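Below is one structure; the comments refer to it alone.
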Amino acid sequence: MASEPVTVVFKLYCLAVMTLIAAAYTVALCFTRTVRHCSDLYFSTAAVCLTELIKLLLSLGMLLRESGDWGRCGSVVVSNILRSPVELLKLSVPSVVYAVQNNMAFVALSNLDAAVYQLKIPCTALCTVLMLSRSLSRLQWFSVFMLCGGVTLVQWTPPQATKVQVEQNPFLGFLAIAVAVLCSGFAGVYFEKVLKSSDTSLWVRNIQMYLSGIVVTLIGVFVTDGAQVLEKGFFYGYTPWVCVVIFLASVGGMYTSVVVKYTDNIMKGFSTAAAIVLSTVASVILFGLQITAAFLGGALLVCVSIYLYGLPKQDTSRVQKPSSDGEDTQRLITV
């Protein structure tokens, strides 16, 4: 029992750091867009691939620290990766599913409003209940949908603010959004289940997933931007701000796996929502973004939902019935 407060503090620390890193990543990403022309921008697919490589190297560093020396670290890598193709294949599932999700999200956001994509929050909660056999109280379900509404309001853009009219296909958009939110919920909860269903080191699991991620993202580079990458180079358009973005994305990915390991994907969603609010506030200060009533209402809903979800569950199944007068008299006689 003495270690419980330390565990809670550690969880809160990981959530807070993940939130701050995610907010800083969003702000840094805005800087890369404002200081460069569209024609000079880096290739996003190449940046994602490089991020996976850096996360792999960081995980190797953490595994080396955990093992104590290079010999033990090497033996762990050989036994858990080179000699365990089944485990490597198991962690390739979320990498492939995330790749499908990213492509479906692009199609969905091209044909529907971005607010609809927030359905991934309750979908993640549903996958957590079904795949991990957990239960959420009514108050926690209410807070999940409140969070969904809050993030939607925070990111809400009035239709008249969009000057460019794009022809949209609502049916295609809804079909793509359904696949995207299911992939998002399934991949996150699947990774959580793999992490928590065995005693394998978190860093070994990260290495297994990031190896698969590098393969998947490399395929994405050559399918999407292959000709331009061969012409201009893999690191075309890189600036100090781009390097900051990639570094924050890599460290944020590491903290995300720690949060999933020691809390769950639903808490990760709450942390991401808080990061959206913080990055928007930072954009007000740095870029002169105007605060709207929708943002204020959404930020309030996000804060309240985080508080409600964190409230302890009330167990009413063990409430004792009041004793009868005869039982009370018998107890007094016994005393």
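Nothing fancy with the numbering, it's 1 onward along the sequence. Source: prediction; values computed, not measured.
Between Cys14 and Tyr262, every side-chain heavy-atom pair lies at or beyond the 4.5 Å cut-off. Counting only heavy atoms from C-beta outward, the side chains of Val97 and Tyr190 never approach each other to under 4.5 Å. Looking at Leu91 and Phe191, their side chains come closer than 4.5 Å, going by heavy atoms from C-beta outward. Here the side chains of Leu15 and Phe270 are not in contact, with every heavy-atom distance at 4.5 Å or above. Counting heavy atoms from C-beta outward, Met267 and Lys11 have side chains that stay 4.5 Å or more apart. Phe295 is not listed as a side-chain neighbour of Gln290, based on a closest heavy-atom distance of 4.5 Å or more.
Cluster membership check: Val258 shares its hydrophobic cluster with Leu60, using side-chain heavy-atom separations under 4.5 Å among Ile, Leu, Val, Met, Phe, Trp and Tyr. Cluster membership check: Ile121 shares its hydrophobic cluster with Phe145, using side-chain heavy-atom separations under 4.5 Å among Ile, Leu, Val, Met, Phe, Trp and Tyr. Residues Val242 and Val221 share a single hydrophobic cluster, defined by chaining ILVMFWY side chains whose heavy atoms lie under 4.5 Å apart.
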Please list, one pair per line, the donor and acceptor atoms closer than 3.5 Å that link side chains of residues 72-82 to other protein atoms, with sequence neighbours excluded.
residue	atom	partner	partner atom	Å
Ser75	OG	Gly71	O	3.4
Ser75	OG	Arg72	O	2.7
Ser79	OG	Ser75	O	3.0
Ser79	OG	Val76	O	3.1
Asn80	ND2	Val76	O	2.9

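Residue Lys193 qualifies as open at atom NZ: its count of foreign heavy atoms under 6.0 Å is 12 or below. Phe247 CZ: 12 or fewer foreign heavy atoms inside a 6.0 Å radius.
Through side-chain heavy atoms spaced under 4.5 Å, either directly or across other Ile, Leu, Val, Met, Phe, Trp or Tyr residues, Val216 is tied to Val96.
Using modelled atom types, no side-chain atom of Lys268 and backbone atom of Val259 make a donor-acceptor pair closer than 3.5 Å. In this structure a side-chain-to-backbone donor-acceptor pair under 3.5 Å is missing from Ser184 to Val181. Checking side-chain atoms of Thr217 against main-chain N and O of Ile214 turns up a donor-acceptor pair under 3.5 Å. Of the possible polar contacts, none joining the Gln228 side chain to the Asp225 backbone as a donor-acceptor pair under 3.5 Å is found.
Aromatic ring pairs are classed by plane angle as parallel below 30°, tilted from 30° to 60° and perpendicular above 60°; the pair Tyr255 and Tyr13 is perpendicular.
For the residue pair Asn265/Thr124, the side-chain donor-acceptor check at 3.5 Å is not satisfied.
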